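The block underneath contains the structure these notes are about, expressed in structure tokens.
Letters A, B, ... mirror the listed sequences (proteins, then strands); counts begin at 1. It should be emphasised that the depicted structure is a prediction, and the values quoted were computed from it without experimental measurement.
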There are 2 protein chains.
Amino acid sequence: MSALHRATLQDVARLANVSPKTVSRVFAHREQVAPATVERVLSAAKRLRFRPNTLARTLRHGGVATTVGLLMGDLGNPFYYTIAAGVERALADRGLTLIVATTDDSEEGEERVADTLLAQRVGALLLIPVGPDQSYLEGERQLGTAVVAIDRPARNLVADSVVLRNREGAKEATRSLIAHGHRRIAYLCNPASVYTQMERCAGYRDALTSAGIPADGRYESLVDDMTVPAEETARAMLAQPDPPTAIVAGNNRMCIGVLRVIRELANPPALIGFDDFDTADILGVSVVSHDPAEMGRRAAELAIDRMSDLGGFTTQLEVPTHLVLRGSGERPPA
Amino acid sequence: MSALHRATLQDVARLANVSPKTVSRVFAHREQVAPATVERVLSAAKRLRFRPNTLARTLRHGGVATTVGLLMGDLGNPFYYTIAAGVERALADRGLTLIVATTDDSEEGEERVADTLLAQRVGALLLIPVGPDQSYLEGERQLGTAVVAIDRPARNLVADSVVLRNREGAKEATRSLIAHGHRRIAYLCNPASVYTQMERCAGYRDALTSAGIPADGRYESLVDDMTVPAEETARAMLAQPDPPTAIVAGNNRMCIGVLRVIRELANPPALIGFDDFDTADILGVSVVSHDPAEMGRRAAELAIDRMSDLGGFTTQLEVPTHLVLRGSGERPPA
DNA sequence: TTGAAAGCGCTACCAG
DNA sequence: CTGGTAGCGCTTTCAA
């Protein structure tokens with residue numbers, strides 16, 4: 001017997017003097033096997049260091065997938081990897097393993113990377129849509145792969161989704177600034193053409209409208225070019241005549257960029273960011289906070305449900321946000 | 001023909017009027033196939049929405065693995081996920097996919113989770129060791145699975161590893177504090193019994209020794225209980241008589257904890273942290289910086305090399321650190 | 001350049 | 001309670 005041979009179920013069966021099927025039964029934990037036989041099988045398995053091959057198990061006709069794919073733009077972003085962490089946790093709880101793939105934030109890469117994941121026969125595909133169109137997943141969905149969109153709904157594809165209550169979150173933040181006496185309130189974001197930003201910007205406008213403050217394009221900086229540093233956008237906004245006395249930053253990155261700029265100012269504008277971050281309390285930054293890990297967890301659970309029970313209506317889940325006031329958002333107008 | 005049937009290579013062969021092997025040739029190694037045949041096969045594949053089954057491909061005797069497993073302890077830690085991002089990127093470049101699994105920092109969980117990964121027949125196992133002993137991987141390593149330890153060397157297991165130059169990094173930080181006139185310098189960390197902390201603490205001591213400053217246990221807070229908040233450790237350190245005039249924080253978490261505490265002080269001690277973070281520049285925190293993504297990338301590359309060329313000596317890679325001075329580390333003694 | 005057949009590791013189906 | 005047999009989707013011998 002070669003030492004460099006991975007023991008198979010057959011090897012175990014041979015050593016334990018039973019049929020392969022019996023070994024299978026023991027490891028599948030489902031069927032009745034005589035205790036003595038179980039004992040014999042397990043000891044043989046141990047001796048051979050047998051480890052069931054999940055791949056072979058899945059390959060079987062109608063085999064149940066043991067993996068779930070998560071497709072996203074970039075693992076390096078705290079927001080995204082926290083989602084991933086939530087997904088992983090929820091999957092592990094059900095004995096599923098997570099395959100992660102990133103598109104490096106390129107729209108063209110998305111379908112190609114999804115293909116790789118699907119070639120691995122993942123039981124479900126979770127994705128944070130980057131491209132403008134996910135219709136390429138329609139066939140796969142019909143074949144029984146659960147598809148769940150996270151953070152943004154999929155486009156041209158009927159699929160479950162889990163998103164933040166973006167609009168309400170931004171509205172609440174803006175309303176709070178108004179309540180503190182601000183009327184010249186700016187909204188800054190980049191990128192601007194993604195779903196989340198359009199929602200948040202809409203929420204910002206909602207609040208202004210409700211307060212009878214006319215919309216003013218000068219106070220909206222909807223940049224859509226990730227090569228532009230957030231600081232530059234912030235500086236431009238504040239350099240104009242009649243600058244805003246308060247700023248709503250559309251995301252983490254923009255918030256930190258604004259922060260860098262206004263710290264140099266004698267009379268900094270009020271600031272509320274979207275997305276919480278580690279040192280926000282130290283820096284006294286008010287934010288619209290939410291729980292990305294929770295989003296990931298919910299998405300994974302949705303996918304798991306869908307795996308066992310296909311069909312039915314799709315679910316659109318919304319995860320709440322809440323305003324955390326830490327000082328920067330309560331500054332009155334200068 | 002049912003619409004709810006995943007097209008197989010056979011289906012494509014039938015439709016294209018060729019043998020399965022020919023289809024295989026087209027999709028695999030681009031072996032010599034007549035252009036016209038290729039055309040026919042591809043068009044049939046497209047029509048049936050055929051997607052090669054990676055699982056089946058891997059199952060084949062001696063089949064080449066297409067996945068790599070990454071095993072780590074902590075879930076929401078930026079440092080670890082940045083490593084993961086580096087790993088993912090390097091793997092994707094070689095057409096491999098990443099399976100992520102976490103042990104939730106429990107030592108017992110490690111082997112069990114490793115088992116899950118190995119049951120998926122990953123071609124390599126990258127791990128950030130958590131448990132005290134990785135000898136359970138020895139058999140698998142002999143079977144040909146590449147094993148690479150990241151951030152800490154594996155214990156009781158001969159394996160490649162990629163770690164930071166922890167000792168030199170901490171030494172440089174401490175030396176810098178000494179150069180700024182400090183003599184009562186503290187080292188704070190939690191957890192303390194992990195490899196990285198032992199190395200960093202040793203570097204801290206090296207620097208003191210070189211400067212002729214006697215070691216003083218009162219200035220070492222080597223806590224080993226993650227339920228203790230970093231703030232508490234920091235407060236205790238500063239509450240003693242003759243408190244330190246400078247602090248080296250062993251990791252990100254401790255650094256931010258210390259920061260929370262010393263901001264309230266009239267004469268804050270100097271501070272240098274280990275690990276960089278997003279807002280460190282705004283907060284003016286000096287740190288020993290390094291590139292976790294680079295570590296991940298190097299580990300993945302090591303694993304890929306090892307996959308194709310087993311045997312040979314193991315490699316111990318060290319990734320450099322560098323001191324970034326932003327203010328907090330240059331404060332003179334009060 | 002193409003094809004037939006055997007088999008990877010496992011589990012369902014039907015027996016005994 | 002246990003065992004034979006067929007087959008999952010693919011790829012590798014060998015032949016044609």
Name the residue closer to the 5' end of DNA chain C, choosing between B/A34 and B/R121 according to the nucleotide with the nearest heavy atom.
-> B/A34
Of D/dC10, D/dT11, C/dG9, the nucleotide closest to the side chain of A/A56 is C/dG9
Could you work out which one of C/dG3, C/dG9, D/dC10 sits closest to the side chain of B/T22?
-> C/dG3
Rounded to whole Å, the CG-P distance (B/L9 to C/dC8) equals 19 Å
Checking C/dT11, D/dC10, C/dG9 against the side chain of B/L59 (C-beta onward), the nearest is C/dG9
Below 4.0 angstrom from OP1 or OP2 of D/dT2, is there any side-chain N or O of A/T37?
-> yes
Please report, rounded to the nearest Å, how far the P atom of C/dG3 is from the CG atom of B/N17.
-> 9 Å
C/dT2 OP1/OP2 closer than 4.0 Å to side-chain N/O of B/R25 = no
Of the nucleotides C/dG3, D/dT12, C/dC10, which has the atom closest to the B/V18 side chain?
-> C/dG3
Among D/dC8, D/dT12, D/dG9, the one nearest any side-chain atom of B/R60 is D/dT12
Using atom CG of B/D11 as one end and atom P of D/dC8 as the other, report the distance to the nearest whole Å.
-> 10 Å
Could you state the atom-to-atom distance from CZ of A/R57 to P of D/dG9 in whole Å?
-> 18 Å
Taking atom CZ of B/R89 as the centre, report whether more than 12 heavy atoms of other residues, nucleotides or ligands fall under 6.0 Å from it.
-> no
Starting at CD of B/Q10 and ending at C1' of C/dG7, how long is that distance when rounded to a whole Å?
-> 14 Å
Nearest-nucleotide pick for A/T8, side chain only, options being C/dG3, C/dG9, D/dG9 | C/dG9
Would a line drawn from the ring center of B/F50 to the ring center of B/F27 be shorter than 6.0 Å?
-> yes
Quick one: pull up OG1 in B/T116 and CG in B/L71 and give me the separation to the nearest 0.5 Å.
-> 9.5 Å
Among C/dC13, D/dT2, C/dT2, find the nucleotide with the atom closest to the side chain of A/V33.
-> D/dT2
Whole-Å distance separating the CG atom of A/N53 from the C1' atom of C/dC8 | 9 Å
D/dA16 P sits how many Å from B/K21 NZ, rounded?
-> 18 Å
Rounded distance (Å) that lies between atom C1' of D/dG9 and atom CD of A/Q120 = 14 Å
Between A/R14 and A/D11, is the closest basic N to carboxylate O distance under 4.0 Å?
-> yes
Presence of A/S19 side-chain N/O under 4.0 Å of D/dG4 phosphate oxygens OP1/OP2 = no
Decide if atom CD of B/E39 counts as having more than 12 heavy atoms of other residues, nucleotides or ligands within a radius under 6.0 Å.
-> no
